[in-house]
Number of protein chains: 2
Amino acid sequence: MSASRSIGIDRARLEASIHELGAIGATPRGGLTRLALTDDDKRGRDLMVRWMREAGLRVSVDQMGNIFGERAGTAALPPVMIGSHIDSVPTGGKYDGQLGVLCGLETIRALDTHRVRTRHPVTLAIFTNEEGARFQPAMLASGVMAGKIALEDAYNTRDKDGLRLVDELERIGYLGSEPCIPRPLRAYLELHIEQGPFLEEEGLSVGVVDGIVAISWSRLTLHGVQDHAGPTPMRIRRDALVAAAEIVTGVRTIARELGGDLVTTVGNLVVQPNIPNAIPGRVTMSIDMRDPRDATLDVARRCLEAVVKAACEREGIRWELEHYWRVPYTPFAPDVVDAVERAANAAGTRFRHIISGAGHDAQYMAAIGPAGMIFVPSRDGRSHCEEEFTPMDDIEHGAATLFLAVMDLAGRA
Amino acid sequence: MSASRSIGIDRARLEASIHELGAIGATPRGGLTRLALTDDDKRGRDLMVRWMREAGLRVSVDQMGNIFGERAGTAALPPVMIGSHIDSVPTGGKYDGQLGVLCGLETIRALDTHRVRTRHPVTLAIFTNEEGARFQPAMLASGVMAGKIALEDAYNTRDKDGLRLVDELERIGYLGSEPCIPRPLRAYLELHIEQGPFLEEEGLSVGVVDGIVAISWSRLTLHGVQDHAGPTPMRIRRDALVAAAEIVTGVRTIARELGGDLVTTVGNLVVQPNIPNAIPGRVTMSIDMRDPRDATLDVARRCLEAVVKAACEREGIRWELEHYWRVPYTPFAPDVVDAVERAANAAGTRFRHIISGAGHDAQYMAAIGPAGMIFVPSRDGRSHCEEEFTPMDDIEHGAATLFLAVMDLAGRA
């Protein structure tokens, strides 16, 4: 029997919740497609709200559709907030986001089971559109809450079918009235899957997260000359996809050349007119670059600009490169990181310190109050895919760490 | 006054027809989007059928929706067929296909104006789905007529929305009953824009086409490992798009290395899941390769296989490469080519002999009977784009050449 069981997380109850919420938007191959503000997202939200009410929480919804459920404390103090998200990427997994929300719920249920009163309130938060898969950028609603993204801009963001975020919020009944603004916080805690290979490779159950990498998102449009693939001799071609290919290769090379922890990805690429017998006239693509050091990301951006210029000049085409999103390295609050480490120790968990390679709502919440995160392993380091998996033993250790850290930070009454 | 006017093509009437048919599916920037078997295609067909009936032609529609309008000859002999297509690629131009059909109509109208009787009948043909933009492969209906594609397979071809060709034929009212099988032909003639730069570069109005290049179409699927773009270190990535980029570059290199008239194009490329923060798990792409020499195309295919293998092994991913369509070099019938050259001379036209880099329905018709083609210039060599343009002076020379070649081959009664 593990240490965590002795301190009160109900593994069976947590596992049942994971399966029940994971059934909403489930894919045939064991994954999850539950894009933000779709009907499945609404069903997931409705289930969470029901569970939160059943747990006696006071539920409210803000202007961005963020859902909060507050468990009262014994003193008039700012809450310890436990948050994450329940939206997913297309054909994503059942752990990213949802696991953090459900471990938060289990923490609150466990506080009730053990009749623990805390001085600070404990609030469970579910953030809208964390993934950025349907509406961009990612972490849109925590960004609005932190004052980093204007509410108006977020409302007017459109999905690929042209639907506005605010209209979809209203359609599914989650356009709340509570202002989406910074609120006083004792601490913000988020449990999440690692989404990388390190914890599993080292046989650990928990990562005590020290901070989140800096992230740069760029958008590139290449204007080639659309023409017929047959009678157009190679010597007069200006093929947008040939230039794009050179840039995709160049983006990979930037990571190899600069080395260290830098990761670079072209995840989105769209060709026009995209038929076998026409030379591509236009290509749009995304460039995602991340590193713990902001300075490395500055260098990577300059390398990207050089790669794009070289490829486009070689092919003789016009281009537009827009660096449209940048988040600096986010260090977490030392006292929260320390509380997480104490909790991991107290839970008898094998852990290490780690830096998150993915953005999380915790990144924006760190601008509002003291924030920290707890990671659990991802099998084969995989996430944003149907194969996403974390063993229940590790989840139990993570949840116990969260439970103990919340009690520590909220203070037993 | 040009020589062509003296032999009876009515330039104003032809130009008016080009504008009227070109208005159906017209794009704001002067191009045309009239994909096969759409509502706009139906409207274009209806207009053509009306004009054919007004010209006194006996109109029939076959099982593939090909439309035929026959002008009787004085003897019970096989017809001279003038054909082309009126479907377009997305955001294509107003000349590709439509010009050949309308110069054919003008030829028949001019025969009437000048009360010319011919020994052989003269038939105007409009072929379904020449472009292959909506249903693949290209030249689907002439392929069925030539017995190269099974009717059943053609019927079951689906567009990207899953709609079957046969259902769309029925929906727009062009599922005819006449068998789509080879029919005796005195000759097949097709006027078409060059779609390449040579005639314009050399200041010529007409190309006497000797044959059509060999064409190879392949389809490649790359199976990478979808993962999160942030926490996945570069060392464990298996990125389908990185491999795809190397292959796009390699496909360009094949043309450069083998040289000569070989052209190679990746025109279609689709990424999954295609979001900025996921490593692409899957990419599908098309590879189009063309050369007048079949042997060169054999070598190019082997090079392609080597390029794909090298790229996929480097990235550690699985792939499927399917060579799904191949047409050998098509030489046109010497007597038809000679008739076109005599006509070009008689029309006082500046011309050269040329090989077509694009597939045309004439390619399949050459398997049924003696076939030939007439090219007119494309400004800047451009086609399959909204900027597609051919000057009316050149069109008039082309139409006069067609008119004279038809009279020559059909025989004045």
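Below, chains carry the letters A, B, ... as their sequence lines are ordered, and counting in each starts from 1. Note that the coordinates shown come from a computational prediction; the quantities given were computed from them, not determined experimentally.
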Atom group of A:Gln136 that falls short of 4.5 Å from chain B, counting heavy atoms: side chain
Chain B contact via A:Arg235 - which portion, at a heavy-atom distance below 4.5 Å: side chain
Heavy-atom distances under 4.5 Å only: say whether A:Val213 touches chain B with side chain, backbone, both or neither. neither
Heavy-atom distance under 4.5 Å to chain B: side chain of A:Ser286, backbone, both or neither? side chain
At their closest point, which heavy atom of A:Pro90 faces which heavy atom of B:Pro273, and how far apart are they? O-CB, 4.5 Å
When rounded to the nearest 0.5 angstrom, what is the spacing between CD1 in A:Ile275 and CG in B:Asp288? 10.0 Å
Can you see which heavy atom on B:Cys385 is nearest to which on A:Gln226, and at what distance? CB-O, 3.7 Å
With a 4.0 Å cut-off, would you call B:Glu246 and A:Arg252 a salt bridge? no
Can you check whether B:Leu262 reaches A:Met234 side chain to side chain, under 4.5 Å on heavy atoms? no
Under a 4.5 Å heavy-atom cut-off, does chain A meet the side chain of B:Val225, its backbone, both or neither? both
Where on A:Asp380 is there a heavy atom nearer than 4.5 Å to chain B: the side chain, the backbone, both, or neither? backbone
Need one label for A:Thr264: side chain, backbone, both or neither, based on atoms under 4.5 Å from any heavy atom in chain B. both
Toward chain B, the part of A:Ile236 with a non-hydrogen atom under 4.5 Å: side chain
Chain B contact via A:Ser356 - side chain, backbone, both or neither, heavy atoms under 4.5 Å: neither
Under 4.5 Å heavy-atom distance to chain B, tell me which part of A:Arg382 shows up: side chain, backbone, both or neither. both
Donor-acceptor contact below 3.5 Å, side chain B:Asn274 vs main chain A:Leu269: yes
